[in-house]
Amino acid sequence: MFNFLSRKPEHDPLANPAWPELGRQMPLLQGLSTEEWQRLEDRMRHFLGHKAISGAHGFALSQNRLLTIAAQASLPIINLDDTAYQGWHDVVIYPGAFVSREAWRDEQGLMHEGAQNVSGMARSDGPILLSWPDSRQGPALDGRNVVIHECAHKLDMLNGRADGFPPLHAGMVQADWSRAFERGYQDFRRRVDYGEPVRIDPYGATNPAEFFAVLSEYFFELPHLLHAEYPAIYEQLRQFYRQDPGMRLPVLGLDENDW
């Protein structure tokens with residue numbers, strides 16, 4: 001039985017004296033303009049005011065921890081509206097990796113079931129589950145961000161089950177999205193299957209939903225690397241998230257062959 005300790009946000013959770021310096025220290029948020037920073041804070045207030053964030057197994061949630069989670073979750077939607085994260089209410093933070101006993105369906109439609117240690121999960125029946133150690137490390141620019149990964153799954157689920165094809169905005173072309181992601185996924189899966197060296201987390205080859213979520217992590221943390229690997233996908237994500245992290249973040253993850 002879990003022992004959940006819920007923390008309700010203050011009237012203005014960003015009135016915490018640790019903010020905004022806490023955010024300024026996050027590499028993930030480098031280069032945001034004044035206007036973008038304001039939108040980030042607005043989304044954080046909405047997130048903290050509308051999501052029930054709880055600690056599992058007695059894990060204490062300080063205000064700094066809440067702000068760290070909210071900043072990462074809010075960055076992908078700073079240029080989207082408040083309905084982007086509709087349809088779910090709860091965020092559960094674990095003191096470490098946790099065991100998932102979920103059933104899942106593979107690309108061939110076959111169901112699998114088993115236990116595995118995971119650092120995050122976006123459950124189709126509602127909550128997001130996150131490991132705090134992984135969430136704490138998320139703002140580093142290393143292509144790994146469990147908060148953004150699970151929030152990307154939730155965006156994907158806005159039009160049904162997670163399948164790597166979220167609802168697109170007006171003006172985006174479905175055929176362009178499908179072409180970019182299908183070609184990119186098949187290429188990436190082939191490279192992983194044949195043991196070729198890859199600079200993107202091989203977990204993205206699991207299925208199209210994980211490919212979308214993993215590449216969303218790279219879009220926000222190592223955008224230049226993602227652009228070098230899959231420029232067509234980068235363009236689709238730029239349109240989908242309505243921002244361009246490559247314009248504000250330092251160039252990381254590339255070698256001389258990319259220039």
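Quick caveat: nothing in here was measured; it's all calculated off a predicted structure. Note that the numbering runs from 1 along the sequence shown for the chain.
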Trainee: Between Lys154 and Glu150, is the closest basic N to carboxylate O distance under 4.0 Å?
Mentor: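 No salt bridge links Glu150 with Lys154.
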Trainee: Using distance alone, with no hydrogens and no angle criterion, decide if Glu235 and Gln239 have a side-chain donor and acceptor under 3.5 Å apart.
Mentor: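 Note: Glu235 and Gln239 side chains meet the donor-acceptor criterion.
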Trainee: Looking at the rings of Tyr94 and Phe59, which for Trp means the six-membered one, are their centres under 6.0 Å apart?
Mentor: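 No, the ring centres sit 6.0 Å or more apart.
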Trainee: Do Gln236 and Asp176 have side-chain atoms, one donor and one acceptor, less than 3.5 Å apart?
Mentor: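 No, because no side-chain N or O of Gln236 sits under 3.5 Å from a partner of the opposite role on Asp176.
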Trainee: Got a sec, which residues hit side-chain contact (heavy atoms from CB on, under 4.5 Å) with Val198, two or more places apart in sequence or on another chain?
Mentor: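 With sequence neighbours excluded, Val198 shows a side-chain contact (heavy atoms from CB on, under 4.5 Å) to Phe188, Arg191, Val192, Pro202, given in chain and number order.
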Trainee: Looking at residues at least two apart in the chain, or sitting in another chain, which of them share a side-chain contact (heavy atoms from CB on, under 4.5 Å) with Thr34?
Mentor: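 Thr34 satisfies side-chain contact (heavy atoms from CB on, under 4.5 Å) with no residue once adjacent residues are dropped.
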Trainee: Given Leu225 and Phe219, is the side-chain contact (heavy atoms from CB on, under 4.5 Å) satisfied, shown in steps?
Mentor: CA-CA 8 Å; Leu225 171 59; Phe219 178 74; over 6 Å; no
Trainee: Is it true that, when you exclude Gln174 itself, more than 12 heavy atoms of the residues, nucleotides or ligands shown sit nearer than 6.0 Å to its CD?
Mentor: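 Counting neighbours around CD of Gln174, 12 or fewer heavy atoms of other residues, nucleotides or ligands fall under 6.0 Å, so no.
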Trainee: Taking everything shown except Arg183 itself, do over 12 heavy atoms lie less than 6.0 Å from its CZ?
Mentor: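 No, because the 6.0 Å sphere around CZ of Arg183 holds 12 heavy atoms or fewer from other groups.
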Trainee: Checking side-chain polar atoms at under 3.5 Å, does Thr83 have a donor or acceptor matched by the opposite partner on Asp81?
Mentor: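 Side-chain D/A pair, Thr83 to Asp81: present.
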Trainee: Could you state whether Met157 and Ile128 fall into the same hydrophobic cluster, counting links through intermediate Ile, Leu, Val, Met, Phe, Trp or Tyr residues with side-chain heavy atoms under 4.5 angstrom apart?
Mentor: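 Looking at the clustering, Ile128 is in a separate group from Met157.
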Trainee: Scan residues 17-26 for pairs that pass side-chain hydrogen bond (donor to acceptor under 3.5 Å, both in side chains), counting only residues two or more places apart or in two chains.
Mentor: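 Matches after skipping sequence neighbours: Trp19-Glu41, Glu21-Gln25.
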Trainee: Holding to ring-ring contact (aromatic ring centres under 6.0 Å, His included), I want the full list of residues that pass it with His89, two or more places apart in sequence or in another chain.
Mentor: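 Applying ring-ring contact (aromatic ring centres under 6.0 Å, His included) to His89 gives none.
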Trainee: Do the charged groups of Asp163 and Arg161 touch, with an N to O distance under 4.0 Å?
Mentor: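 Answer for the salt bridge query: no.
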Trainee: Scan side-chain atoms only and decide if Glu210 and His153 contain a donor-acceptor pair under the 3.5 Å cut-off.
Mentor: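 Yes, a side-chain donor-acceptor pair sits under 3.5 Å.
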Trainee: Could you tell me which residues satisfy ring-ring contact (aromatic ring centres under 6.0 Å, His included) with Tyr230, sequence neighbours excluded, listed by chain and number?
Mentor: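 Once residues adjacent in sequence are excluded, Tyr230 has no partner under the ring-ring contact (aromatic ring centres under 6.0 Å, His included) criterion.
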Trainee: Among all residues two or more places apart in sequence or in another chain, which pass the ring-ring contact (aromatic ring centres under 6.0 Å, His included) test with Phe220?
Mentor: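 Partners of Phe220 under the ring-ring contact (aromatic ring centres under 6.0 Å, His included) test: Tyr241.
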Trainee: Do the charged groups of Glu217 and Arg144 touch, with an N to O distance under 4.0 Å?
Mentor: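 Between Arg144 and Glu217 there is no salt bridge, as every charged N stays at least 4.0 Å from the carboxylate O atoms.
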Trainee: Compare all side-chain heavy atoms of Lys51 with those of Asp90 and state whether any distance is below 4.5 angstrom.
Mentor: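 A side-chain contact is absent here, since even the closest heavy-atom pair is not under 4.5 Å.
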Trainee: Supply the atom-to-atom distance His227 NE2 to Leu222 CG, rounded to the nearest 0.5 angstrom.
Mentor: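 Here the interatomic distance stands at 14.5 Å.
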Trainee: Hey, are Asn207 and Tyr185 close enough side-chain-wise for a donor-acceptor pair under 3.5 Å?
Mentor: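 No.
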Trainee: Using a strict cut-off of less than 4.0 Å between a Lys/Arg side-chain nitrogen and an Asp/Glu carboxylate oxygen, indicate whether Arg190 and Glu196 qualify as a salt bridge.
Mentor: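 Yes, charged N to carboxylate O under 4.0 Å.
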